[in-house]
Number of protein chains: 2
Amino acid sequence: MSAGEQRGRKPRADVQRNRAALLETAQRHFLQHGVGTSLEAVAKEAGVGPGTLYRHFPTREALLAAVLQTRSEELVARQADIEQLDDPAEALEQWLRAMEEYFSAFSGLPDPLMAAARAQEPDNPLTIPCDILISATDQYVRAAQLAGCVRASVRGNDLFLAACSVAWIKGAGTDEESLARLRTLIASGYRERDTQA
Amino acid sequence: MSAGEQRGRKPRADVQRNRAALLETAQRHFLQHGVGTSLEAVAKEAGVGPGTLYRHFPTREALLAAVLQTRSEELVARQADIEQLDDPAEALEQWLRAMEEYFSAFSGLPDPLMAAARAQEPDNPLTIPCDILISATDQYVRAAQLAGCVRASVRGNDLFLAACSVAWIKGAGTDEESLARLRTLIASGYRERDTQA
DNA sequence: ATCAAAACGGATGCTGCCTCCGTACGCATT
DNA sequence: AATGCGTACGGAGGCAGCATCCGTTTTGAT
């Protein structure tokens, strides 16, 4: 069934084991030491040599993307279930917070994410998760616009950038109060003026 | 005359020469390669050994701060002269743009700046230029608030963060259009609603 | 001219990145 | 069960950058 898999040979067992071990270990290290963590250390702790790590994930971004992809798909799915009904303005707000938390998962994550979201390097593996999130944001924005809660000029992309910024600032150790004020400021920026009515 | 300088001995000539050469070279390298540029390379091109560089500037931040301090003071001075009169809303806007450009001077600059602005590491040399800019921003904000153009809840610190964010996003290679929309969004966020009247 | 303090600078050790290639493993075949 | 082939492994090694330490040189003072 499932599409044209295994052409010729059956994939080796150790490949999948190593890949899984690497992903698991990498996630732990990213959590503990941020996206800049030593890849050598990851390899060692996963019980493989550096060569193996680089064969599976040629760049740091590739590894990061692999770790994130699962998460981002889950995020989209979960949110789509829970929200989307009810008040679209509330849904958008919750979505933005969810993205912000997602971006804050690993210290230093916003930087490579932004680089991937913007740069026209289609070979950057992080571009995919980014695009998923941007279009998801756009969905929420459009829904809220139809309900008249959000200005027509706003794009999903804009709020993606804003959420990324907030996450970035958060990562720098800013106190929660300043953060809250910044979120308010942004919300005032995208909301339609006569929302209150 | 001039305050209590040279106590005991006259400062050596080579010290000042080296310091000047280092600052000059460092600025060039920061401009060309971003704040992450190789300090070894800077030292070599300045014609001194690594040891000398580290003696003058114990950390990368110290060097960066030294390069920036001059600039930031100039920025404040220049702006204070030109603006401050006329329309305070316009003045604030211009000031924010000026800060944004300042933050974009070197690629990667926003990161260490934010780290310094927030963290309670009073020993971080970048804290000083940051504080200068934050309080300057607060001046502009207050003036605009008195004129009723800016919401009462906004603090200079908030807009400092916002400007820093925009600069950060800009540094990631975002297209000018998205950037412009983000600025508009932020402006809509801090402006008083009945400004137009 | 001489001295002592201060500054220099490069050799040094360390960490992390990434590649290359001889080796070992695992799957298929007999 | 044994053989063979191709894939994947892994660690040694070259490279770059950081930061320090200490023997040597420069500099200003006497």
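Every chain is numbered from 1 and lettered A, B, ... according to where its sequence line falls, protein lines coming before strand lines. Note that these values count all heavy atoms, side chains included, but never hydrogens, waters or copies made by symmetry.
- Every residue two or more places apart in sequence or in another chain that forms a salt bridge (charged side-chain N to carboxylate O under 4.0 Å, His left out) with B:Asp175 is listed here: A:Arg118.
- Of the possible polar contacts, one joining the A:Arg151 side chain to the A:Arg191 backbone as a donor-acceptor pair under 3.5 Å is found.
- Put simply, the side chain of A:Thr174 never gets that close to the backbone of A:Lys170: no donor and acceptor are under 3.5 Å apart.
- Every residue two or more places apart in sequence or in another chain was checked for a side chain to side chain donor-acceptor pair (under 3.5 Å) with B:Gln32, and none qualifies.
- By the neighbour-count criterion of 12 heavy atoms within 6.0 Å, atom CD of A:Glu176 is densely surrounded, having more than that number from other residues, nucleotides or ligands.
- Under the ring pair (Phe, Tyr, Trp, His ring centres under 6.0 Å) criterion, the residue pairs touching residues 164-184 of chain A are A:Trp168-B:Trp168, with sequence neighbours excluded.
- Remark: B:His56 pairs with no residue by the side chain to side chain donor-acceptor pair (under 3.5 Å) rule, at least two apart or across chains.
- Using a 4.0 Å cutoff on non-hydrogen atoms, the parts of residues 28-40 of chain B near DNA chain D are B:Thr37, B:Ser38, B:Leu39, B:Glu40, ordered by number.
- Only A:Arg12, A:Asp14, A:Val15, A:Asn18, listed by number, bring a heavy atom of residues 12-20 of chain A to less than 4.0 angstrom from any atom of DNA chain D.
- For A:Glu61 (side chain) and A:Thr127 (main-chain N/O), no donor-acceptor pair under 3.5 Å exists by modelled atom type.
- Helical stems in DNA chain D, defined as runs of 3 or more consecutive Watson-Crick or G-U wobble pairs with both donor-acceptor distances under 3.5 Å, are listed by first residue as C:1-30 with D:1-30.
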Just the atom pairs and distances: protein N or O near nucleotides 28-30 of chain C's N or O, under 3.5 Å.
unit_1 : atom_1 : unit_2  : atom_2 : d
C:dA28 : OP1    : A:Lys10 : N      : 3.4

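- Residue pairs satisfying the salt bridge (charged side-chain N to carboxylate O under 4.0 Å, His left out) criterion with at least one member in residues 153-166 of chain B, sequence neighbours excluded, are listed as follows: A:Arg181-B:Asp158.
- Contact check of residues 54-67 of chain A against DNA chain D (heavy atom, cut-off under 4.0 Å) returns A:Arg55, A:His56.
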Ignoring hydrogens and angles, write down the donor-acceptor pairs under 3.5 Å from the side chains of residues 35-48 of chain A, residues two or more places apart or on other chains.
unit_1  : atom_1 : unit_2  : atom_2 : d
A:Ser38 : OG     : A:Glu40 : N      : 3.4
A:Ser38 : OG     : A:Ala41 : N      : 3.1
A:Glu45 : OE1    : A:His29 : NE2    : 2.8
A:Glu45 : OE2    : A:Arg28 : NH2    : 2.1

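- Nucleotides of DNA chain D that come within less than 4.0 Å of any heavy atom of chain B span, from the 5' end to the 3' end, D:dG17 to D:dA29.
- Contact between A:Tyr102 and A:Leu109 at its shortest, heavy atoms only, is O-CD2, 3.7 Å.
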